[in-house]
Amino acid sequence: MNVLVIGGAGYIGSHVVKEMIKAGHSVTVFDNMSSGCEENLFADAGFIKGDILDPVTLSQTFAAADYDAVVHLAAFKAAGESMLKPEKYSVNNITGTLNILNAMCDADVKKIVFSSSAAVFGEPEKLPIDEDHPKNPENYYGFTKLEIEQFLGWYEKLKGMKFAALRYFNAAGYDIDGDIKGLEQSPANLLPVIMETAVGMREQLQIFGDDYDTPDGTGVRDYVHVTDLAVGHVMALNYISKNNESLIVNLGSENGLSVMELLEEARKISGQEIPAEVVGRRAGDPAKLVASSKMAKEKLGWEAKYSDCETLIKTSWDVYKKKAEELLG
Ligand code: WQD
């Protein structure tokens, strides 16, 4: 298929591009490079620098080639920031997505794979979290993702669009073959923060609370390797094409890892001290989030293969270590 990957120069997007090419698709990346990086672009994929807030460039893009499908990963994703700057999230995440959907309608492109999030669920009422779990987003970011899932449902009903909304749990790790090396800028997520501390870009890791009701007191999350996530996009696109049926599905490893477990493994693999101090809990953080990915297995045949603690850390450390060596000459 001829696939336009919007946000394809970013952290998850670049991994999706790689797996799409590997599966034999022809790929063009559309990215405004606000958080994507050139290092993440593949020679085998086309590239269009453009913004989803610019409907003219979007319609020119769709007019210039015959795309069969869109993968849309262009969004702001910092949950904390979304509570302080909801306008930014309304415009980019919601208006930007509507611009994409409308440009797709004009160009008669009927398939989209959309990056949704476990943030649509909010505070867990039961574990593991399956697709039917109540949706009560705790932050505005999660609200934008839930809204977009609903727009997708309406565009399906009214315009015959088929979609896959993939609810990512905690994306982590780096390409399993080491082909993707662009680091995320100013990350707030746990694993890149641990890595930045390991290479000396940060002085220490702050552990947000060690008094949770979890085995070691630190927060437990479902970390899913970014290569596993990327493969999930390829499978989801195949599914909606073959079955002509939309899909909303969780992508998680079904395995909970604590902050302490990741930190200890990172210390072991990197051989670095990685200084850390326990500080107060971060507002809005639940103790434990773990996915049920039963539906992904049943419908897509998808299972996390690389999401064990060691592989998550090792693939990240390889990238951060090399980058630190380059920077230090
Ligand atoms: C993980 C754990 C922290 C940083 C976020 C988004 C969510 C989804 C995934 C996209 C928690 C602890 C973290 C640090 C720490 N994104 N932590 N020190 O909050 O589970 O989820 O990313 O859809 O919407 O909210 O991820 O990586 O920030 O935190 O102790 O410096 O690490 O308290 O237990 P989170 P995270």
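Counting begins at 1 with the first residue of the sequence. We count ligands from 1, going down the list as the structure has it; atoms in each ligand are counted the same way.
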**Prompt:** So which protein heavy atom does atom 10 (C) of ligand 1 come closest to, and at what separation?
**Reply:** Y141 OH, 3.2 Å
**Asked** Going by an N to O cut-off under 4.0 Å, is there a salt bridge joining K314 and D318?
**Response** yes
**Item:** Atom indices of ligand 1, in the order listed, that fall short of 4.0 Å to a heavy atom of Q206
**Value:** 14 (C), 15 (C), 18 (N), 30 (O), 31 (O)
**Asked** Is it true that K181 and E39 have a side-chain N and a carboxylate O under 4.0 angstrom from each other?
**Response** no
**Request:** Would you check if the side chain of S253 reaches a backbone N or O of A304 as a donor-acceptor pair within less than 3.5 Å?
**Result:** no
**Prompt:** Starting from atom 12 (C) of ligand 1, which protein heavy atom do you reach first, and at what distance in Å?
**Reply:** V259 CG2, 3.6 Å
**Request:** Would you check whether Y168 reaches within less than 4.0 Å of ligand 1, judged by its heavy atoms?
**Result:** no
**Message:** Tell me whether the rings of Y141 and Y89 are parallel (<30°), tilted (30 to 60°) or perpendicular (>60°).
**Reply:** perpendicular
**Item:** With Y168, the ring-ring contact (aromatic ring centres under 6.0 Å, His included) member among H233, H225, H15
**Value:** H233
**Asked** So, F47 versus F42, ring centres under 6.0 angstrom or not?
**Response** no
**Item:** Per-atom contacts of ligand 1 with I207, taking only distances under 4.0 Å to non-hydrogen atoms
**Value:** 30 (O)
**Asked** At a 4.0 Å cut-off, with the gap strictly under it, does some heavy atom of R221 reach an atom of ligand 1?
**Response** yes
**Request:** State plainly whether the residues D211 and R281 are in salt-bridge range, i.e. N to O under 4.0 Å.
**Result:** yes
**Message:** Looking at K299 and E245, is any side-chain nitrogen of the basic one under 4.0 Å from a carboxylate oxygen of the acidic one?
**Reply:** yes
**Element-labelled atoms of ligand 1 that are located less than 4.0 Å from some non-hydrogen atom of N189** = 5 (C), 22 (O), 26 (O), 27 (O), 28 (O), 36 (P)
**Prompt:** Salt bridge or not for E19 and K22, using N-O below 4.0 Å?
**Reply:** yes
**Nearest-contact summary for atom 30 (O) of ligand 1 - protein heavy atom, Å** = F208 N, 2.9 Å
**Prompt:** Considering only the protein, which heavy-atom contact is closest to atom 3 (C) of ligand 1, and what is its distance?
**Reply:** D285 OD2, 3.4 Å
**Asked** Would E149 and K135 pass as an ion pair if we require N to O under 4.0 Å?
**Response** no
**Request:** Answer with yes or no after comparing the ring centroid distance for F30 and H72 against a 6.0 Å cut-off, counting only values under it.
**Result:** no
**Message:** Please report whether ligand 1 has a polar contact with L190, defined as an N or O pair separated by less than 3.5 Å (distance criterion only).
**Reply:** yes
**Complete:** Among G284, G219, A79, closest by heavy atom to atom 34 (O) of ligand 1 is G219
**Request:** Nearest heavy atom to atom 8 (C) of ligand 1 wins, so pick from P286, S117, A75, S82.
**Result:** S117
**Prompt:** What atoms of ligand 1 come closer than 4.0 angstrom to any heavy atom of A188?
**Reply:** 4 (C), 28 (O)
**Fill in**
of all protein heavy atoms, closest to atom 35 (P) of ligand 1 is N170 ND2, 3.5 Å
**Fill in**
Min over R167, R282, R281 of heavy-atom distance to atom 19 (O) of ligand 1 lands on R282
**Complete:** Quick note on ligand 1: atoms under 4.0 Å from a heavy atom of A119 include exactly 24 (O)
**Message:** Just to confirm my output: which protein heavy-atom neighbour is closest to atom 1 (C) of ligand 1, and how far is it?
**Reply:** Y223 OH, 3.3 Å
